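Right, one structure below, let's go through it.
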Amino acid sequence: MTQPVVLHTVAEVHALREQLRTDGKTLACVPTMGALHEGHVALVSRGRELADVVIVSIFVNPLQFGVGEDFDRYPRTLDADVAALAGKAEYVFAPDVDEMYPDRVGGAPVPPQHAGPVGETFEGVSRPGHFDGMLTVVARLFDIVQPDVAIFGQKDAQQVFLVRQMVQTQQLPLQLEIVPTIREQDGLALSSRNRYLSEEERAAAVALPHALLAAAREAEQGGAAAVREAGIRTLDHYPLVRLEYLDLVDPTTFQSVSDNYQGPVTVVIAAKVGTTRLLDTENLERLHA
Ligand code: PAF
């Protein structure tokens with residue numbers, strides 16, 4: 001199987017973009033931080049269905065990590081990632097930090113993006129500035145790659161909400177495609193950070209999908225408070241798991257819903273298993289007040 005061509009510079013991506021335009025071909029971009037797993041492969045497969053050519057970006061973005069977070073130990077596995085994309089993506093874009101942020105070396109400034117109030121809730125509470133950094137790199141990527149389609153995973157629900165908001169408010173000329181979460185057999189959402197878990201922690205991490213399942217069951221009859229409570233109660237069985245939040249948000253605003261809310265909701269959960277922070281999410285069709 002053919003391995004993707006690895007591009008390292010903005011100039012190389014621009015040349016590719018020009019060539020594809022000349023050839024009348026469309027381009028799908030899958031932004032990642034590498035350490036690829038089957039969840040990423042699902043995004044790439046969707047890209048292949050929607051465009052003629054797929055480019056996967058691999059860049060561990062320093063702007064979206066806070067002090068004391070896992071930027072230094074985040075897995076960097078470029079060779080394995082490129083091999084995993086053989087026959088699946090035509091190109092990998094793996095820039096270094098100075099290429100993405102040329103202002104660090106006296107080049108043109110990269111416009112910072114601001115997530116606004118939603119960026120300060122949920123993930124933003126324990127990771128201040130995370131979403132500004134994430135949006136800044138995504139906007140920079142879109143500017144470099146100019147994809148027709150960009151593919152993201154549903155697991156990072158707040159990220160998806162904020163990227164969609166940026167695309168809409170800035171009227172960026174691309175289609176956003178969101179792909180459902182891929183799970184292990186026991187329900188754990190695939191994540192590059194799962195590799196940090198010890199055997200014992202890995203067993204306990206199933207608490208997150210179990211909590212979502214309990215919330216979904218309760219939603220067949222209960223209102224927001226009961227659904228929240230059912231999810232949270234599940235975690236009592238998992239002493240290794242420390243809940244950060246479990247809440248129900250209105251998918252159109254990403255605001256916590258009130259107890260008499262009726263309609264579709266997104267359940268979001270974040271918890272620490274040992275030192276590893278995991279996220280998960282589930283969309284529920286409706287709540288009964
Ligand atoms: O979801 C991720 O892996 C990252 O937040 C993204 C979108 C690649 C930006 O760095």
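Start at 1 and go down the list; that is how both ligands and their atoms are numbered. What you see is a predicted model; the values in this text were computed from it and never measured.
- Using a 30° and 60° split on the angle between ring planes, Phe161 and Phe254 fall in the tilted class, from 30° to 60°.
- Interface atoms of ligand 1 facing Val137, defined by a heavy-atom separation under 4.0 Å, are 9 (C), 10 (O).
- Counting non-hydrogen atoms of neighbouring residues, nucleotides and ligands closer than 6.0 angstrom, the CD atom of Glu200 reaches no more than 12 such neighbours.
- In the candidate list Gln64, Met33, Met100, His40, Gln64 is nearest to atom 10 (O) of ligand 1, counting heavy atoms.
- Within ligand 1, counting atoms from 1 as listed, the ones closer than 4.0 Å to a heavy atom of Met134 are 5 (O).
- Short contacts between ligand 1 and Thr32, defined as distances under 4.0 Å to a heavy atom of the residue, involve ligand atoms 8 (C).
- The CD atom of Gln175 sits 7.5 Å away from atom CD1 of Ile151, with the distance rounded to the nearest 0.5 Å.
- In summary, Asp259 and Arg228 engage in a salt bridge, as defined by a charged side-chain N under 4.0 Å from a carboxylate O.
- Side-chain polar atoms of Glu69 and Tyr74 form no donor-acceptor pair below 3.5 angstrom.
- In this structure, of His130, Arg140, Gln159, the residue bringing a heavy atom nearest to atom 1 (O) of ligand 1 is Gln159.
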